[in-house]
Structure formats: structure tokens, C-alpha cells
Amino acid sequence: MINLEGKNALITGASRGIGRSIALLFAEYGCNIAFTYINEDQEAADITAELQAKGVRVLCIKSDAANFAAAHEVVKQVVDAFSKIDILVCNAGITHDTLLMRMTEEQWDDVLNVNLKSVFNYCHAVTPQMVRQRSGSIIAMSSVVGIGGNAGQANYAASKAGIIGLIKTLSKELGGRNIRANAIAPGFILTDMTLALPEATRTEMIKIIPMHRYGETDEVAKVALFLASDLSSYVSGQVISVNGAMG
Ligand code: NAP
């Protein structure tokens, strides 16, 4: 029922974690994958090889998602190589957690730029060609804390709440052109980002998750697959939580 053959996806931040799982799952369904990363050359090379082994076309680009001009250059490279982009997944993200009183301007700016401005950058770059082809699915990675806030994450929560406003607006601006835009709000998913938290914090988190476990990256990827595919052809402007009933 799901078929992404002949489709091309661009995913930001797919060298590790949730983005990596999304790339692998989309490729299972025949989707060609272009992806970006920023630091981890070896991880990016590994996932490139894994994707190529699935028989799809792969384009791996090292590029800072927070940089407006660089995002436009990435989109140009992908369109030159694949001729079109059907699915955009804005997934790249970082944390710099601390209480607002202690937060530096740099910590605020870095998180807002990588998490939120990047979504603007890529949507701005990719939508003209989606408008021309009169189709497209845009998916952005928000978070449970973008909906409910979280002590120690003012910058992160603001960036993830901003994504929701941006995506809902985009869905209204572009719905008439058959372009859908949705956000996913994961809860606590086990990746390098959450493994960086102290063990005690992680143990406490489990207690407040009604399903009493972390989510896996592929559980987020399956929702991204739904949003990327025709199964969600009338779903737009939504925020889908993947959080084990947390929040
Ligand atoms: P992760 O394991 O830390 O991976 C982050 C990915 O983003 C990596 O591929 C990284 O590339 C890339 N990246 C970081 N900064 C970038 C930049 N400036 N330009 C391009 N790529 C960049 O994170 P994750 O846990 O999978 O999170 C993925 C997304 O889900 C993020 O937006 C995060 O906020 C969101 N999210 C995660 C959770 C969770 O519990 N894990 C919950 C809610 C939302 P390198 O490998 O090169 O560093």
C-alpha cells in the first residue's frame, strides 16, 4: 500500500538518530535519499553505504542547516541530481540545556538557528519547485516540549514551538498547491541527544511516561513514513505526537 518508488526525499541531519531511521525506512519503500549532516563524517559514510545497499540513489551532503545560503545550495544540488524533491524532512536539531537565568545569548541563538531557522531555510528553498510540480510533503521535527515547555530548555522549547507555528502557516499558504506540511512531536526517544542526559534524569523520565519506556527511532520513522506517503493525502497542518502518552 505504501510505495515511495520514484520519489525523492531530502532529510536534514540523517547521519544519526531519528533522521537516520527515517532515511533507512523511506529507502525500504524505494525512495531515493538526499541527506545532510554537520560533523560526523564516518556516520554519514556508514549510512550512505547502508542506503546504497538498498538499491536507491543516495546523495550525502555536509552542510549547516542553520545557514540560509547553504540550504539553498543543498536544494539546488539535490534538484540537479534527482530532478525534483517530493518529500522534505526538517529533522536536524541540537540542545544546549540550562535554566533561562543562566542561558547565554549564544546558547539561545545556536539552538534557535539550528532547530528553527533551518526549517525556514529549507522550506524557503524547496517550496518554489514543489509549487511548480504542484505536490510535496513537508515534515518537520518538533517535540513534546514544544507543546508543553520544559524547565531547563527555554531555547529548545521555543524553537520546537516555533516549528509548529511555521508548519501550520505553511500548510495554509500551500494547501491549494497540493503541498502538505505537518510536524511530528516525539517524546523521549533513545538517541545520542537523550543519552547525553545524566542517567538519573533518564531514569526519572521513564517514571513520567505512561508507557514506561523510551521510544525507539523507528517508531518516529514510521509516522514520518505515513506523512510522506499517500496514506496521509488529506492530512496537513497537524502535529502528531509520538510519545507513549507523555505530556
Ligand atoms: P541526534 O541523534 O543528536 O542527531 C542529530 C542529527 O542532526 C545528526 O545527524 C546531526 O549531524 C544533525 N545536525 C545537527 N546540527 C546540524 C546542523 N547545524 N546542520 C545539519 N545537520 C545537523 O538527534 P535526534 O535525537 O535524532 O533528534 C533528531 C530531531 O528530533 C531533532 O530535531 C530533535 O530536536 C528532535 N527530537 C528528538 C527527541 C529525542 O528524544 N531524541 C525528542 C523530540 C524531538 P552530525 O551527526 O553530523 O552531528
Side-chain angles (χ1 to χ4, degrees), residues 10-25 33-48 50-51 60-71 73-75 88-97 109-122 125 139-150 153 155-164 166-167 183-197 201-202 205-206 208-209 211 213-221 223-224 239-244 246-247:
L10 168 58
I11 308 169
T12 65
S15 45
R16 294 180 286 124
I18 293 169
R20 179 179 181 280
S21 282
I22 291 172
L24 288 169
L25 189 61
I33 306 290
F35 75 92
T36 68
Y37 71 105
I38 185 84
N39 287 313
E40 302 295 334
D41 298 324
Q42 188 56 54
E43 306 265 6
D46 291 347
I47 170 89
T48 299
E50 273 186 75
L51 291 166
C60 163
I61 306 170
K62 186 172 188 169
S63 179
D64 182 0
N67 184 309
F68 183 81
E73 183 51 38
V74 167
V75 168
L88 170 67
V89 184
C90 296
N91 167 78
I94 58 168
T95 52
H96 285 313
D97 296 348
D109 287 346
D110 280 356
V111 170
L112 268 289
N113 286 337
V114 174
N115 295 6
L116 178 58
K117 189 181 171 211
S118 64
V119 183
F120 166 70
N121 293 342
Y122 274 91
I139 302 161
M141 213 51 72
S142 180
S143 166
V144 64
V145 311
I147 298 169
N150 193 27
Q153 291 197 303
N155 49 1
Y156 186 79
S159 71
K160 296 301 182 179
I163 285 175
I164 294 173
L166 191 162
I167 285 296
I184 298 176
F188 197 92
I189 312 298
L190 211 51
T191 66
D192 292 344
M193 184 178 275
T194 41
L195 281 169
L197 294 168
T201 310
R202 281 188 270 136
M205 296 291 295
I206 292 278
I208 60 163
I209 301 170
M211 286 184 72
R213 66 172 178 86
Y214 309 118
E216 302 288 340
T217 55
D218 69 308
E219 293 178 303
V220 180
V223 175
V239 183
I240 303 193
S241 292
V242 185
N243 64 16
M246 176 192 184

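Numbering of ligands and ligand atoms starts at 1, following listing order.
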Where the closest heavy atom to [atom] is concerned, which of [options] has it?
atom                    : options                     : result
atom 18 (N) of ligand 1 : Asp64, Asp41, Ile18         : Asp64
atom 9 (O) of ligand 1  : Gly93, Ala92, Ser15         : Ser15
atom 14 (C) of ligand 1 : Ile38, Ile61, Val89, Ile184 : Ile38

Mark the output for [X] as yes if a heavy-atom distance to ligand 1 is under 4.0 Å, and as no if none is.
X      : answer
Ser142 : yes
Lys62  : no
Asn115 : no

Charged N to carboxylate O below 4.0 Å: is that the case for Glu40 and Arg20? no
Heavy atom under 4.0 Å from ligand 1: found in [X]'s side chain, backbone, both, or neither?
X      : result
Ala14  : backbone
Ile94  : side chain
Val114 : side chain

N/O of [X] under 3.5 Å from N/O of ligand 1, yes or no?
X     : answer
Thr36 : no
Tyr37 : no
Asn39 : yes
Ala66 : no
Ala65 : yes

Identify the heavy atoms of Thr191 and Gly17 that sit nearest to each other, and give their distance. CG2-CA, 4.0 Å
